[in-house]
Enquirer: 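Starting off with a structure, shown below.
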There are 2 protein chains.
Amino acid sequence: MVDTRPNVEAVKNLRDVGLRPTRQRLALARLLFGHGNQHVTAESLYDGALASGIKVSLATVYNTLHQFTAAGLLRQVVVDSTRCYFDTNVAEHQHFYFEDTGEIADIPQTPEISGAPGQPGARINPIGLTDLPADMEISRVDIVVRLRSAG
Amino acid sequence: MVDTRPNVEAVKNLRDVGLRPTRQRLALARLLFGHGNQHVTAESLYDGALASGIKVSLATVYNTLHQFTAAGLLRQVVVDSTRCYFDTNVAEHQHFYFEDTGEIADIPQTPEISGAPGQPGARINPIGLTDLPADMEISRVDIVVRLRSAG
DNA sequence: GTAACTGCAAAACTTTTGCAACCAG
DNA sequence: CTGGTTGCAAAAGTTTTGCAGTTAC
């Protein structure tokens, strides 16, 4: 049973990023942001929407994911060259990738691992990255720790 | 003009990893390993092969790239969820990804950035990665520094 | 009313697969 | 010869596109 009451806050959030709060966007936003941090693919979100009785097309799911990403509500995670993952956690953090299952998980943040907040790449500086190509700046540093079962 | 003389060393290298040294594999190996480190996609290698007058099918290029990767001759680089890149440099190293052009470059190794040789993930340990999920071991740590033009 | 948005189906792409023909040893 | 390889074409899977119809405001 999905709560379908209009959500004043969600409407405002969408407006704030310049997106018209349509039925589909509100429903997808509820699925994405109403259940803690998630890592979704277009297909998994589409399946979740259908399972919740939300009427939406796959093309709209793709559009919405990209619009939310452009608006800074989502972050794209590249770990697998056959699928696009989107992360509802847009804070600086890194990922575990489970090679056996294809699943993704956030690497839990510890005090030691944190860099200066809001500083892209701050966390990697301690390991010696100082020289960038001319006229280039860091957009983001992606770190994926790929895991396999031990033994 | 491509040198097409049989290459005793290349034949030996392929045999060493258990691959039969066929015309196509030798030609692709020459393209891949005869011109310094490279980052190729299946399509770019296929185009390069055609341009060099090598008769090979795209399916064989895919097969060969995966066989070479499984044999440890190549390493797969995941930076873009729409394409598979392969790197002829199989040593521990990280990549720049140029968001504007989609190109990849190795991050030049400096003494400060190097970790213990042959220790997967050794380089990232200094930034605090200590706790892994139960019964898991690190297969590899991928670090991609995504760059955009400054200004 | 109007521009933005959605849904559907088709198209575009990359990658994989199945199988007959081919070739290295 | 014989099994591993190759080429082709078709299939599979994900993502994008074009356009008519719908919706938010």
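In the text below, chain A, chain B and the rest are named by the order of the sequence lines, each starting its count at 1. Just so it is clear, the structure is predicted and the values come from calculations on it, not from any experiment.
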Enquirer: How would you list, by chain and number, every residue that makes a side chain to side chain donor-acceptor pair (under 3.5 Å) with A:S149, sequence neighbours excluded?
Expert: A:D100
Enquirer: Hey, where on DNA chain C does chain B first and last touch, going 5' to 3'? Cut-off is any atom under 4.0 Å from a heavy atom.
Expert: C:dT14 to C:dG25
Enquirer: How many whole angstroms separate atom CG of A:L58 from atom P of D:dG13?
Expert: 14 Å
Enquirer: Same cluster or not: are B:V90 and B:L32 linked, directly or through other Ile, Leu, Val, Met, Phe, Trp or Tyr residues, by side-chain heavy atoms under 4.5 angstrom apart?
Expert: no
Enquirer: In the hydrophobic clustering (ILVMFWY, side-chain contacts below 4.5 Å, transitive), which residues join B:V79, or is it alone?
Expert: B:V77, B:Y85, B:Y97, B:I104, B:V144
Enquirer: Expressed as a whole number of angstroms, how long is the span from B:I54:CD1 to D:dT5:P?
Expert: 19 Å
Enquirer: Residues from residues 60-88 of chain B sitting under 4.0 Å of DNA chain C, heavy atoms only?
Expert: B:Y62, B:H66, B:T82, B:R83, B:C84
Enquirer: Could I get the full list of side chain to side chain donor-acceptor pair (under 3.5 Å) partners for A:T60, not counting sequence neighbours?
Expert: A:S57
Enquirer: List in chain and number order the residues that pass ring pair (Phe, Tyr, Trp, His ring centres under 6.0 Å) with B:F86, two or more places apart in sequence or in another chain; answer none if no residue qualifies.
Expert: B:H66
Enquirer: Check whether A:F98 and B:V78 end up in the same hydrophobic cluster, where Ile, Leu, Val, Met, Phe, Trp and Tyr are linked by side-chain heavy atoms less than 4.5 Å apart.
Expert: no
Enquirer: Assess whether side chain to side chain contact (heavy atoms under 4.5 Å, CB included) is satisfied between A:V145 and A:Q94, documenting all intermediate values.
Expert: CA-CA 8 Å; A:V145 177; A:Q94 293 82 37; 5.9 Å; no
Enquirer: Looking at five pairs on each end of the helix from C:dG1-D:dC25 to C:dG25-D:dC1, what is the angle between the two axes, given to 10 degrees?
Expert: 30°
Enquirer: Could you give all pairs that pass the salt bridge (charged side-chain N to carboxylate O under 4.0 Å, His left out) test and reach residues 57-68 of chain A, with sequence neighbours left out?
Expert: none
Enquirer: Who passes side chain to side chain donor-acceptor pair (under 3.5 Å) against A:E137, sequence neighbours left out?
Expert: B:R148
Enquirer: Would you mind listing every side chain to side chain donor-acceptor pair (under 3.5 Å) that reaches into residues 14-24 of chain B, with sequence neighbours excluded?
Expert: B:K12-B:D16
Enquirer: Report, as a single string ordered 5' to 3', how protein heavy atoms within less than 4.0 Å touch nucleotides 18-25 of chain D: B base, S sugar-phosphate only, - not at all.
Expert: -----BBS
Enquirer: State which residues pass side chain to side chain donor-acceptor pair (under 3.5 Å) with A:D87; sequence neighbours excluded, sorted by chain then number.
Expert: A:H39, A:H93, A:H95
Enquirer: Keeping the roles fixed (side chain from B:T88, backbone from B:F33), state whether a donor-acceptor pair exists under 3.5 Å.
Expert: no
Enquirer: Using the side chain to side chain contact (heavy atoms under 4.5 Å, CB included) rule, take B:I54 and B:Y46 through it: C-alpha gap first, then chi angles, then the decisive distance, then the call.
Expert: CA-CA 9 Å; B:I54 297 166; B:Y46 178 61; over 6 Å; no
